Chemist: 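Sending over a structure as structure tokens; questions will come in a sec.
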Amino acid sequence: TAPAGTPLRGALVSVLEQLHAHDLLVERNGTAPDGPAGEWLSTIAQRPAEAAGLLREAHVRVRSASPRSPLAVAAVRAFAHNGVETVSGADSGLPDGHVLLTARTRGGARSLAVVVGLRGDAGFVTPVGSAVRVRQDAGDLARRLGVGDILGAGERTTMGILVASAGAQRLMCAVAGLRDPSEEVGNARLLPGRPATLIARGTPLRGEYRTWLGSGAPDTVQAAGDGVAQPRSLAEALACVAALGDDEVGVLDAPAPEALPQLPAALVWCATSDGGRLLAGAARADLARLEAVCRAAELGLAPEAAGLVVGANEDHARGRALRRLPLTENGDANEVGGASDGAATSDAMRHPQARHWWSVLIQRLGVAAEVRVSPVAGTGGAVY
């Protein structure tokens, strides 16, 4: 209602434009649905009435070893707060501190599940999946986070509410056809197309979504994990390295330079699955980290299989395989002159990696050397 051309209208338009630019405006489609979850759905769902109908028709069950445990009770209350009725039951197959939340959607078309848990000083919420898969994920998470004593009732009240509410929210979003809460946090460390798990800690109380690389193949419910595109750039590959070496839920030890020398080559090390120590080097620290993770993955997958090669993507794996081929003397070896003054005339020395090593080893350190270039047998002169 502010008059056109007035300073007030100009100020209001500027504020609205900034809110829109930062995705802080909500478009409401009609009135909010009835029920406790009406206002929530009207702010996040494109079709709030349809989402509310899906929640009303869902059959939700809360199962645990002890239905009266504080964690199970907190989950029931979280659903009730949003007007979702639940049925509680005992499940002797669930460990203490784990609560299985399941929902059968309209007409029984889909069955969705999530597990919330408290283990040691950590709480977690698995990604939404089938009941079989989330049980497996919960077991893997408990092992990676460290299986300790279940928190005492006084210690776990607040964290139990946090993880139980987060688990209920994830399941309700999946039932109502809404985006998973992990997609709303804007965490640049999360890998696109991969499930995320919520990890909570009690001192101080905090929760954060982490990329979840489970031990099994994604099931039909976790369709987002199927056919994930291979990394297209070094930056994407390094994001995968960070997820694999995550200090909370990763599957490999994160490579680190620590006190290793960084000249003439960048060096990093990491622990292997058998408790050994793996050293890797490259022209730069980020490339050394990538090399270390690829080799650690090879050793963990098949330590005795010399022919197994892991890469960030298919091209990178092929390149690593080629670099392992033994250099033979049966090709036409072309000796390329080079001395401590750095003189090199070969076309091969135009490659940036060759120039890097020439400048570091020869020019900077003053090492007398020559470069020898020869074709790799069987490549038709395509690889030298």
Side-chain angles (χ1 to χ4, degrees), residues 120 122 140-141 143-147 187-191 194 197 199 201 208 210-215 230-231 233-327 351-367 369:
D140 290 342
L141 276 166
R143 284 188 291 273
R144 294 185 194 179
L145 294 172
V147 177
N187 189 341
R189 295 194 304 174
L190 294 178
L191 291 181
R194 285 290 186 184
T197 183
I199 303 299
R201 292 288 184 181
E208 183 181 19
R210 303 289 186 96
T211 296
W212 173 239
L213 305 173
S215 60
Q230 297 182 9
S233 65
L234 178 60
E236 291 183 5
L238 292 173
C240 296
V241 169
L244 288 165
D246 184 273
D247 58 351
E248 295 269 23
V249 295
V251 294
L252 297 172
D253 188 39
E258 294 190 349
L260 293 169
Q262 299 301 303
L263 283 176
L267 299 178
V268 298
W269 81 274
C270 63
T272 58
S273 56
D274 61 357
R277 184 181 174 102
L278 172 66
L279 183 69
R284 302 198 311 258
D286 54 357
L287 297 176
R289 289 175 56 225
L290 180 59
E291 177 67 23
V293 163
C294 289
R295 184 58 185 150
E298 291 166 356
L299 294 173
L301 289 169
E304 303 301 327
L308 177 68
V309 181
V310 172
N313 56 29
E314 186 173 346
D315 286 341
H316 184 233
R318 290 179 181 275
R320 295 188 73 243
L322 281 171
R323 286 191 289 274
R324 288 188 190 176
L325 290 177
L327 295 177
H351 192 281
Q353 288 292 327
R355 291 200 304 270
H356 166 82
W357 292 116
W358 186 266
S359 64
V360 170
L361 292 173
I362 309 305
Q363 294 176 325
R364 187 179 303 178
L365 299 181
V367 176

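Since we're looking at a predicted model, the values are computed, not measured.
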Chemist: I want to check something: taking the side chain as every heavy atom from C-beta on, are P231 and H316 in contact at a cut-off of under 4.5 Å?
Modeler: no
Chemist: Report yes if the side chains of D274 and L299 come closer than 4.5 Å at any heavy-atom pair, otherwise no.
Modeler: no
Chemist: How long is the straight-line distance from CG of L278 back to CG of D253, given to the nearest 0.5 Å?
Modeler: 9.5 Å
Chemist: Using atom types as modelled and distance alone, determine if a side-chain donor or acceptor of T211 lies under 3.5 Å from a backbone N or O of A243.
Modeler: no
Chemist: How about L213 and L244: do any of their side-chain heavy atoms sit closer than 4.5 Å?
Modeler: yes
Chemist: Side-chain donor-acceptor contacts of residues 281-292 below 3.5 Å, not counting sequence neighbours, with atom names and distances?
Modeler:
{"residue": "R284", "atom": "NE", "partner": "D286", "partner atom": "OD1", "Å": "3.1"}
{"residue": "R284", "atom": "NH2", "partner": "D286", "partner atom": "OD2", "Å": "3.1"}
{"residue": "E291", "atom": "OE1", "partner": "R320", "partner atom": "NE", "Å": "3.3"}
{"residue": "E291", "atom": "OE2", "partner": "R320", "partner atom": "NH2", "Å": "2.8"}

Chemist: Rounded to the nearest 0.5 Å, what separation is found between the CG atom of L279 and the CZ atom of R295?
Modeler: 13.0 Å
Chemist: Do you know which two heavy atoms are closest between L145 and A122, and how far apart they sit?
Modeler: CD1-CB, 4.1 Å
Chemist: With sequence neighbours left out, what residues match Q262 under side chain to side chain contact (heavy atoms under 4.5 Å, CB included)?
Modeler: P257, L260, A266, L267
Chemist: Return the set of residues passing side chain to side chain contact (heavy atoms under 4.5 Å, CB included) with A254 (not counting sequence neighbours), or none when no residue passes.
Modeler: none
Chemist: Could I get the full list of salt bridge (Lys or Arg N to Asp or Glu O under 4.0 Å) partners for E314, not counting sequence neighbours?
Modeler: R318
Chemist: Could you tell me which residues satisfy salt bridge (Lys or Arg N to Asp or Glu O under 4.0 Å) with D247, sequence neighbours excluded, listed by chain and number?
Modeler: R210
Chemist: Name all residues meeting the side-chain hydrogen bond (donor to acceptor under 3.5 Å, both in side chains) criterion together with N313; count only those two or more places apart in sequence or in a different chain, and write none if there are none.
Modeler: none
